[in-house]
Amino acid sequence: MNRRQTADLLDRLEELYPQARCALCYRNPWELLVATILSAQCTDDRVNRVTPALFAAFPGPEAMARAGQDEVEALIRSTGFFRNKARNLIARARVIVEEYGGEVPARLDELVRLPGVGRKTANVVLGNAFGIPGMVVDTHVKRLSRRFGWTKSQDPDRIEKDLCRLFPADRWVQTGHILITHGRAVCKAPMPLCGACPVSDLCPRLGVVKSR
DNA sequence: ATCCCGAGGG
DNA sequence: CCCTCTGGAT
C-alpha cells in the first residue's frame with residue numbers, strides 16, 4: 001500500500017469514526033497515566049470500572065507513594081496482572097514525587113524511565129494529556145499495520161518508526177485512535193468482519209488494491 | 001480455547 | 001526473538 005492509498009484510507013476511517021478518542025476516563029495527566037498502565041492486557045471498560053475508587057483513595061502521586069501494596073491490589077484486582085501493576089503504581093508515584101516534584105513529566109524519555117511505563121503508555125499520555133504528537137502502537141495498531149502492509153516487522157518499536165515515517169506528525173495521535181477503533185469494531189484479531197468492512201475496497205488482504 | 005487500547009526481562 | 005505476569009469476557 002503506497003503513501004497515497006494510505007492517506008485515502010486514513011481520511012475515510014477518520015470520517016467513519018469522527019469521535020475516535022482515548023477510551024479511558026481521566027481528568028489529568030496523573031489519572032491518565034494510572035488508567036493507561038492498568039489497561040495492559042485488559043479491556044478499557046474494565047479499567048474504567050475500577051479507576052473511580054482508585055482515584056478517590058489515592059488522588060495523586062503523593063497519596064499513591066504512601067499506599068500499601070495489598071491496599072492497591074484490592075482495588076485493581078479485576079484488571080489482571082494486579083501484583084505487577086500495584087507494585088509499579090506505587091514505585092512510579094515515588095519517582096514522580098521524588099524526582100519530578102509530584103508532576104507527571106511531559107517528555108518521552110522521562111516517561112519511559114518510570115516503572116511500568118513503556119512507549120505505548122508514554123505516547124498515550126503525551127498525545128492525550130499534553131498535546132504532544134506520538135504514535136501509539138498497541139495490539140490493534142500492530143495487527144492493522146501488518147494487514148494494510150505498512151510494516152513487515154513484529155517489533156512494536158520498529159512499527160512505531162515505520163508509521164511515523166508514513167504519516168505526518170499532526171495525524172499520529174488521531175491515527176492511533178481510529179486504527180484502534182476500526183480494529184475493535186471490524187478488523188478484529190481472530191476473525192475480521194471483511195463482509196461488513198466499510199474500507200474493504202482499500203484492503204490489500206482482499207487483493208482489491210492491486211487490481212486497481 | 002483465545003483475546004484484551006503491555007511491560008520487563010532473558 | 002522468546003517468555004511470564006493475571007483476570008474476565010466471549
Side-chain angles (χ1 to χ4, degrees), chain A residues 10 13-14 16-17 19-26 29 31-51 53-54 69-70 72-93 95-96 104 108-129 133-148 150-163 167 171-193:
Chain A
L10 284 188
L13 286 177
E14 221 165 330
L16 285 162
Y17 310 111
Q19 77 302 347
R21 57 183 171 76
C22 185
L24 301 171
C25 296
Y26 65 97
E31 290 190 354
L32 178 59
L33 184 57
V34 171
T36 307
I37 190 55
L38 289 182
S39 75
Q41 291 301 107
C42 167
T43 54
D44 50 294
D45 52 313
R46 228 166 331 124
V47 173
N48 289 335
R49 251 176 260 141
V50 306
T51 44
L54 186 65
Q69 171 81 18
D70 45 354
V72 177
E73 282 186 10
L75 286 168
I76 66 171
R77 183 168 300 264
S78 65
T79 67
F81 296 158
F82 61 90
R83 270 183 280 268
N84 285 335
K85 288 175 179 175
R87 182 167 18 87
N88 286 334
L89 282 178
I90 298 167
R92 180 169 69 239
V95 175
I96 290 176
V104 176
L108 183 63
D109 58 335
E110 295 179 327
L111 282 167
V112 295
R113 223 174 292 142
L114 298 172
V117 178
R119 295 186 68 86
K120 185 264 174 181
T121 298
N123 279 323
V124 166
V125 172
L126 288 174
N128 294 282
M135 188 65 222
V136 172
V137 178
D138 74 326
T139 53
H140 298 288
V141 176
K142 200 168 151 182
R143 187 175 69 252
L144 294 205
S145 296
R146 294 182 53 75
R147 287 185 178 170
F148 285 121
W150 296 330
T151 183
K152 293 179 167 127
S153 177
Q154 296 274 12
D155 175 30
D157 291 355
R158 184 59 196 268
I159 295 175
E160 189 189 328
K161 282 179 193 164
D162 290 342
L163 295 186
F167 310 136
R171 298 190 75 165
W172 289 347
V173 174
Q174 196 55 25
T175 296
H177 288 310
I178 63 179
L179 290 181
I180 289 165
T181 303
H182 183 62
R184 295 178 71 180
V186 181
C187 201
K188 304 203 245 189
M191 230 190 355
L193 308 176

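Treat the numbers as computed from the prediction; the structure is a model and nothing was measured. Throughout, protein chains are lettered first and strands after them, A, B, ... in sequence-line order, and every chain is numbered starting at 1.
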Go through A:Arg119 and A:Val137 one step at a time and tell me if the side chain to side chain contact (heavy atoms under 4.5 Å, CB included) criterion holds.
CA-CA 8 Å; A:Arg119 295 186 68 86; A:Val137 178; over 6 Å; no

For [X] and [Y], indicate whether the former's side chain and the latter's backbone hold a donor-acceptor pair under 3.5 Å.
{"X": "A:Thr181", "Y": "A:His177", "result": "yes"}
{"X": "A:Lys85", "Y": "A:Leu38", "result": "yes"}
{"X": "A:Asn123", "Y": "A:Met135", "result": "yes"}
{"X": "A:Arg143", "Y": "A:Gly183", "result": "yes"}
{"X": "A:Gln174", "Y": "A:Ala20", "result": "yes"}
{"X": "A:Asp162", "Y": "A:Lys152", "result": "no"}
{"X": "A:Trp172", "Y": "A:Phe167", "result": "yes"}

Taking C-beta and beyond as the side chain, do A:Lys161 and A:Ser153 meet within less than 4.5 Å on heavy atoms?
no

Using side-chain heavy atoms (C-beta onward) and a distance below 4.5 Å, is A:Leu144 in contact with A:His182?
yes

Expressed as a whole number of angstroms, how long is the span from A:Asp157:CG to C:dC1:P?
12 Å

Send over the distance from A:Leu38 CG to C:dG7 P, rounded to a whole Å.
15 Å

What's [X] touching, base or sugar-phosphate or nothing? Going by heavy atoms closer than 4.0 Å.
{"X": "A:Ala23", "value": "base"}
{"X": "A:Thr139", "value": "sugar-phosphate"}
{"X": "A:Arg158", "value": "nothing"}
{"X": "A:Thr36", "value": "nothing"}
{"X": "A:Leu24", "value": "nothing"}

Say you pick atom C1' in C:dC5 and the same atom in B:dC3; how far apart are they, in whole Å?
16 Å

When you compare B:dT2 with C:dT4, how far apart are their P atoms, in angstrom units rounded to a whole number?
15 Å

Expected list for residues 112-119 of chain A near DNA chain B, using heavy atoms below 4.0 Å, is A:Leu114, A:Pro115, A:Gly116, A:Val117, A:Gly118

Mapping A:His177 and A:Asn88 onto DNA chain B by nearest heavy atom, which one lands closer to the 5' end?
A:His177

Please name the pair of heavy atoms, one in A:Ala91 and one in A:Pro115, separated by the smallest distance, quoted to 0.1 Å.
CB-CG, 4.0 Å

Identify all pairs in which a protein N or O lies below 3.5 Å from an N or O of nucleotides 4-6 of chain C, and state each distance.
| residue | atom | partner | partner atom | Å |
| --- | --- | --- | --- | --- |
| C:dT6 | OP1 | A:Arg83 | NE | 3.2 |
| C:dT6 | OP2 | A:Arg83 | NE | 3.4 |
| C:dT6 | OP2 | A:Arg83 | NH2 | 3.4 |
| C:dT6 | O4' | A:Phe81 | N | 3.2 |
| C:dT6 | O2 | A:Phe81 | N | 2.9 |

Nucleotides bounding contact with chain A, strand DNA chain B, heavy-atom threshold 4.0 Å:
B:dC3 to B:dG8

